[in-house]
There are 2 protein chains.
Amino acid sequence: MNARSAELQVNFCQACAIRNRSICADLDSAEIGLLNRMGRRRRLEAGEQFLWEGDEAPVVANVVEGMLKLSNQTADGREQILGLAFPSDFLGRPFGQSTPYGVEALTDAVVCVFQRTDFDRFAREHSRLEHKLLEHTLTELDRTRRWMLLLGRMSAEQKLATFLLELWNRLAPEEDSDPAARSGTMELPFSRQQIADLLGLTIETVSRQITKFRRDGLIDTPSRREIAILDREALMQRSC
Amino acid sequence: MNARSAELQVNFCQACAIRNRSICADLDSAEIGLLNRMGRRRRLEAGEQFLWEGDEAPVVANVVEGMLKLSNQTADGREQILGLAFPSDFLGRPFGQSTPYGVEALTDAVVCVFQRTDFDRFAREHSRLEHKLLEHTLTELDRTRRWMLLLGRMSAEQKLATFLLELWNRLAPEEDSDPAARSGTMELPFSRQQIADLLGLTIETVSRQITKFRRDGLIDTPSRREIAILDREALMQRSC
DNA sequence: CGGACAGTTGATTCATGTCAAATCACGTGG
DNA sequence: CCACGTGATTTGACATGAATCAACTGTCCG
């Protein structure tokens, strides 16, 4: 690799949209340069599988753009979505053998991919990276545990209300000047089946609950892949 | 603190039963000495609350002995157990503000407690500790995600079968020469209500499933707090 | 012996799953 | 531009597993 291409790659990393939220945030530019040379970007199309459950997982990755799902399947083929991954989230299982879940892109996405062995070595040598990874992992564990309360103890209505509010929080974290966003409309990167797999329900139950919320004026569904939250208060009421 | 008491404490750490499985495993004796001076042991009685959900959590801890549960409550007071903690597991939320779950001892237990601020600082300065903590957290995240499949997609029968097998694995990880253990008997540190909270069921459903397994000859219940696994194969059949 | 509490069992209800049919949305080819 | 086909979603009818409510039983401990 010559100096010019190395430099270009450094610039690439430094221009990265998630540069200061992802696990790379605390690295200095020399470290970024090294990391940059180890990884490569990969573009995924909506619906494309990125990792397979139980595979000898040779890679880990950072999400740069888009949304992905992590999931497991039961023996009889039903699916449970274990979590979602958004930009700056980390994918894969460092310091381990096989990825214990499948990963599929829900939208078109961009990920920053590393060979696991390279990444493991780099992480052990650069404790600032490892520290960030630890913080991300702890946050994800907290989020996952909160989801267990939903799966184990909530009714279908509570599950859907909670899901819509949580999704809104993660999709529109900052005040947004886009009128669509202000009116509470968001694009849903999920099919009804995927919502069902996320909430531990069936597709019919999800559909009925959406209809109920629409009839009660809590939400509107301009199209199948869009949802507008009309009455956040009422949704919060029903979420617990 | 004088030299003699410091030395006694070092010996205390070095004799620790979980010394080589917990996050302290890779520390050298100088580091252990430092850590030892920061922490203190605390004995908990079965049923005693150690951390409260949502509390400004001032502490983190290692489990030395016993079993504890982590749990959340819904607004209407129902409980969901988020996970169990066994010897060498880590408790609390480093690098964060509040513990997002309650922790209660299920059996008499011993924990090794640290002020969170002290621990955070020590961890950042000693990357071998931080690395171990990361590995533990990643493992716990995997385990938690597997439990989501159970909560979201399994029937009551599958849940109970899975639970009994998992418990057996965690309580009897090594080949055991104790005849009770060989015959598959284990002490259950849970009330029926706690099993229900763990599996996202009600106490009555748990009771009925246990009765069914007993009638079918898969298990025996010598007493309320003991279960003998008679037919592991059949349980595995029913667990998925 | 009696009281208290945990667990079991039974009867019934209800939420959600299942199965089936109707409808909608969208892309394709004529 | 429209008819058609396909797959996703919605809706309806019905079945069922688990929750709920209530009574009963066992066990522990004073």
Side-chain angles (χ1 to χ4, degrees), chain A residues 45-47 74 76-80 104 106-107 149-164 187-216 219-227 238-240, chain B residues 46-47 74 76-80 106-107 149-164 187-216 218-228 238-240:
Chain A
E45 290 183 15
T74 53
D76 56 329
R78 290 182 310 162
E79 189 165 343
Q80 175 64 51
E104 183 187 316
L106 292 170
T107 64
L149 185 63
L150 175 142
L151 290 175
R153 289 289 180 220
M154 286 188 185
S155 67
E157 181 179 65
Q158 292 174 319
K159 284 177 177 183
L160 190 69
T162 305
F163 165 70
L164 291 174
E187 201 182 327
L188 264 193
F190 306 102
S191 69
R192 296 293 188 262
Q193 181 62 60
Q194 286 167 339
I195 298 175
D197 292 338
L198 204 39
L199 301 179
L201 297 169
T202 59
I203 184 174
E204 293 94 334
T205 301
V206 170
S207 181
R208 279 187 248 270
Q209 292 298 332
I210 288 179
T211 303
K212 183 147 68 77
F213 283 172
R214 176 157 30 76
R215 272 204 297 258
D216 295 353
I219 62 171
D220 192 22
T221 51
S223 81
R224 283 173 170 180
R225 289 290 184 133
E226 287 176 296
I227 290 224
R238 303 205 189 189
S239 73
C240 55
Chain B
T74 52
D76 55 329
R78 290 182 309 163
E79 188 166 343
Q80 175 64 52
L106 292 170
T107 63
L149 185 64
L150 174 143
L151 289 175
R153 288 295 181 211
M154 287 188 186
S155 67
E157 179 179 65
Q158 292 174 319
K159 284 177 175 182
L160 190 70
T162 304
F163 165 70
L164 291 173
E187 201 183 326
L188 265 193
F190 306 103
S191 68
R192 295 292 188 264
Q193 182 61 59
Q194 286 167 339
I195 298 175
D197 292 338
L198 204 40
L199 300 178
L201 297 169
T202 59
I203 183 173
E204 293 95 330
T205 301
V206 169
S207 181
R208 280 186 248 271
Q209 292 298 331
I210 289 178
T211 303
K212 182 146 70 78
F213 283 173
R214 178 159 26 76
R215 272 205 296 260
D216 295 353
L218 307 195
I219 63 173
D220 193 22
T221 50
S223 80
R224 284 175 170 179
R225 289 289 185 132
E226 287 176 297
I227 289 224
R238 302 205 190 188
S239 74
C240 56

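Here is the naming used below: chain letters follow the sequence lines, and residue numbers restart at 1 for every chain.
With hydrogens and angles ignored, no donor-acceptor pair closer than 3.5 Å exists between the side chain of B:Arg153 and the base of C:dT16. Side-chain to base pairing of B:Arg208 with C:dG10: one donor and one acceptor N or O lie within less than 3.5 Å of each other. Side chain B:Arg225 to base C:dG7: no donor-acceptor pair is found below 3.5 Å.
If you measure from atom CG of A:Asp76 to atom C1' of C:dT18, you get 14 Å, rounded to the nearest angstrom. Rounded to whole Å, atom P of C:dT18 lies 11 Å from atom CG of A:Leu201. We find that CG of A:Leu188 is positioned 14 Å from C1' of D:dA8, with the value rounded to whole Å. Atom pair A:Ile203:CD1 and D:dT11:P shows a separation of 13 Å (rounding to whole Å applied). Between the CD atom of A:Glu226 and the C1' atom of C:dC26 there is a distance of 15 Å, given to the nearest Å. Counting to the nearest Å, the C1' atom of D:dA8 and the CD1 atom of A:Ile195 are 12 Å from each other. Atom C1' of nucleotide D:dA18 and atom CD of B:Gln209 are separated by 9 Å, given to the nearest angstrom. Atom CG in A:Leu151 sits about 16 Å away from atom P in D:dA18, given to the nearest Å.
In the displayed structure, A:Gln193 atom CD is contacted under 6.0 Å by more than 12 heavy atoms of other residues, nucleotides or ligands. Other residues, nucleotides and ligands place more than 12 heavy atoms under 6.0 Å from the CD atom of B:Glu226.
Annotation: the span from B:Leu106 atom CG to B:Ser191 atom OG amounts to 8.5 Å, rounded to 0.5 Å.
For A:Thr205 and C:dG17, the shortest distance from a side-chain N or O to OP1 or OP2 is below 4.0 Å. An OP1 or OP2 oxygen of D:dT11 is reached within less than 4.0 angstrom by no side-chain nitrogen or oxygen of A:Ser207.
Inter-residue side-chain proximity for A:Ile195 and A:Leu188 is flagged as met; some heavy-atom pair is nearer than 4.5 Å.
Between the side chain of A:Gln209 and the backbone N or O of A:Val206, no donor-acceptor pair lies under 3.5 Å.
As judged by a 4.0 angstrom heavy-atom cut-off over every strand, B:Ile210 is placed among residues making no nucleic acid contact. Contacts of A:Ser223 with the nucleic acid, taken as non-hydrogen atoms under 4.0 Å apart, are absent. Across all strands shown, A:Arg224 has heavy atoms under 4.0 Å from base atoms, whether or not it also approaches the sugar-phosphate.
Of the candidate nucleotides D:dT20, D:dT10, C:dT16, D:dT20 has the atom lying nearest to any side-chain atom of B:Glu204.
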